[in-house]
Each structure stands twice: as C-alpha cells, then as structure tokens.
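Below: one structure, written as structure tokens.
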Number of protein chains: 2
Amino acid sequence: MKLDSIDHRILRVLQKKGRIQNLELAKEVGLSPSPCLRRVRLLEEAGIIRGYAALLDAPKIGLKLTVFARVWLTGQDVETTDHFVQQVIQLPQVVECHLMAGDCDFILRIVAADLDAYRQFQVEHLGRIKGVKSIKTEIPMQECKLSSELPL
Amino acid sequence: MKLDSIDHRILRVLQKKGRIQNLELAKEVGLSPSPCLRRVRLLEEAGIIRGYAALLDAPKIGLKLTVFARVWLTGQDVETTDHFVQQVIQLPQVVECHLMAGDCDFILRIVAADLDAYRQFQVEHLGRIKGVKSIKTEIPMQECKLSSELPL
DNA sequence: TCTGAAATTGATGGCTT
DNA sequence: AAGCCATCAATTTCAGA
C-alpha cells in the first residue's frame, strides 16, 4: 500500500489523538469527512493501523516499577526459544519481549507494583519456564520517555 | 482516586479497544451509557487515562529495525544527564529512554528504517549530544511482544 | 475521488429513583 | 451513583459532479 502525504498526516494525528472525531480529523488534514473516513478505514484494513488503545498511567494504577530482564536459555534451538516465547507473551506483566542477536537471548521489559512483586514474579513465573538458564535484571531509576508514537 | 471493579473493567476494555463507542463499552461493563461515560471522564480527568493512540505497524510504514542503545555519559551530574534527556526526548526515533541505576547511564529504544538509517541517526544525532561518552548498540532479531497494555 | 445531503446511530446532560 | 429520556451532534451511506 502506498501512502501519500494526507495519509501521513492522518496517521500523525491519530497517533496523538486516537479518539479524535472524524469531523475534526477531516478538518485537521484538510479533507471533507467522507474521504477522510474512507482513508482511515483503508489504513485499518491494510493493518497499518493495528488498533487503538487507551494509554494508562502505570504508577497511578499501582505499577511503580519497570524492570529490564536479560534472559539466557539453555539452548538456542527452535524448540527452546519458541517455548519460551509462547510462555512469556501470555504473561501480562511482560510488556516487551525481544529476541536478541548478540550476548543474551532475550530482553524483557516487565512492569510490577514494586520490587517485592517483581521478585515474586521472577521466581514464580519467569524462572519456572523450561529452558531458562539465567536472568539478570536492570532497574531504571526514571522513565524519561515512553512513547507509542512512531516517526513519519 | 479509588478504582472499583467496574473502573477496572472499563480500563481493561479501553486498553484493548481505545475507540470503542460509549454505548458498547457500557454494555460490556454492565452499566447504562450515562454512568459509564461519567466514569470514563473521571478516569481521564484523574490522569489515569493519559490519552488515546492509534497503534501503527512499524514495518509497514518502513521502520524495519529496532535498536537498543546503551549510553554512557562523561558525568552523572544533573547538568549532564538533564541536558541529555532534554535532547533525546525531542528525537522522534527514540521511542523509549530509561535512566538506569546500574552499569550504563541510559537505555534507549530507537526505531529506524534500516541499519544504514540507524548508523546515520547515531552519528548525526545521538553521538553529537554533549556529554555522551560511549554508545553500545544491541539489535533484536525479532519483536516477540510489544504491548501498551498494563496488567490490572 | 471528492462533495454534500439524508438517514441512522451515538453522545450528553437534566431529572428521578 | 445509576437509570431513563429527550436533545443535539456525529457517523455513515449514497447519489451526483
């Protein structure tokens, strides 16, 4: 799918204001409501817009801690890594999981209420997944930026 | 602000379907439309709902690469770190920036079109920020999970 | 592909329970 | 606080340019 400059404008606006009304969106991108809506539908159908989400304030709902966990597995074979991925993506505390090319096998970003809650999570969930050899955690002191907005 | 179980249900639904209509949301949480809308407005005003966003598919808009960059600064003093943060949060390619407690000073997650685009970004933007001593990059081979949904 | 009008559907606020 | 109801506004569809 080819995107023109109006599509780009639409995406930029929707990344910032996901619940904007079509009438206002149309005004902002310089289109009348019907073609604007049609473009949005096309972007949704093409999967360029994966979905819409409310963004919550983690500390305000009691999640005061973010942790990065670096995970090493006992082997790099497909069975071991696939099994790990399947388990980990089901854990709602794990908000990111990246299969790495270099040193360690995975980097996870995990949210938790506090350090105790994280320790419990690691012992009861992460550490119990088959094939996990070791876990090293790194704790951010401050979240300087956390954006769902992509540049375009 | 105290959240009851209906507020939790509202937040869970809105995290998944940020553009759901109030009528349908009310049905899903077992409320009639007006009190449902009232609760949503209160959650927004309290800042528990920070906003709404369209989630885009990075590869489909040409961003095929994610990079983790670990950054060390020449000093840990407030001026050096503050300056770095102020510069980095303005760069749209930087989607996450965490000030770390341990080994390195910052972990950034950066999106780019490809490795060439990233290299250029590092040389022209990241590396030029005052106080940056060294940068080590780590490249994920696969994004297994990347969620904006918090557990509750 | 856009525009503009018409019909359907949703948002919203006051009032009652 | 929640439900009901009336009003107002937005979405959505379709004909015509």
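Naming: A, B, ... by sequence-line order, numbering from 1 per chain.
Contacts of B/E24 classified as salt bridge (charged side-chain N to carboxylate O under 4.0 Å, His left out), with partners at least two apart in sequence or in another chain: none. For B/E143, the salt bridge (charged side-chain N to carboxylate O under 4.0 Å, His left out) test picks out no residue, with sequence neighbours left out. Scored by the side-chain hydrogen bond (donor to acceptor under 3.5 Å, both in side chains) test, A/K16 finds A/E149 as partners (sequence neighbours excluded). Partners of B/R38 under the salt bridge (charged side-chain N to carboxylate O under 4.0 Å, His left out) rule, at least two apart in sequence or in another chain, do not exist in this structure. Scored by the side-chain hydrogen bond (donor to acceptor under 3.5 Å, both in side chains) test, B/T66 finds no partners at all (sequence neighbours excluded). The salt bridge (charged side-chain N to carboxylate O under 4.0 Å, His left out) search around B/R50 returns none, not counting sequence neighbours. B/R39 pairs by the side-chain hydrogen bond (donor to acceptor under 3.5 Å, both in side chains) definition with B/D4, B/D7, not counting sequence neighbours. Under the ring-ring contact (aromatic ring centres under 6.0 Å, His included) criterion, A/F121 pairs with A/H125, sequence neighbours left out.
Shown for residues 41-52 of chain A: residues whose heavy atoms fall under 4.0 angstrom of DNA chain D, namely A/R41. The stretch residues 12-37 of chain A comes close to DNA chain C through A/S32, A/S34, A/P35, each having a heavy atom under 4.0 Å from the strand.
Counting heavy atoms from C-beta on, the side chains of A/I110 and A/V95 never come closer than 4.5 Å.
Partner of A/L3 under the side-chain contact (heavy atoms from CB on, under 4.5 Å) criterion, out of A/L43, A/I10, A/L42: A/L43 alone.
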Side chain to side chain contact (heavy atoms under 4.5 Å, CB included) for A/L65 and A/V67? Distances and angles first, verdict last. CA-CA 7 Å; A/L65 185 69; A/V67 176; 3.7 Å; yes
Quick one, B/C144 with A/F106, criterion side chain to side chain contact (heavy atoms under 4.5 Å, CB included). Give me CA distance, side-chain angles, the key distance, then yes/no. CA-CA 10 Å; B/C144 309; A/F106 287 94; 4.0 Å; yes
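In this structure, B/R38 atom CZ and C/dA11 atom P are separated by 15 Å, rounded to whole Å.
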Report each atom pair, protein N/O against N/O of nucleotides 6-8 of chain D, whose distance is under 3.5 angstrom.
none

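In the helix from C/dT1-D/dA17 to C/dT17-D/dA1, the terminal helix axes, each the rotation mapping four pairs' C1' atoms onto the next four within five end pairs, subtend 30°, rounded to 10°.
For the pair A/R39 and C/dC2, the criterion of a side-chain N or O lying under 4.0 Å from OP1 or OP2 is met.
Between the side chain of A/R19 and the backbone N or O of B/I20 there is at least one donor-acceptor pair closer than 3.5 Å.
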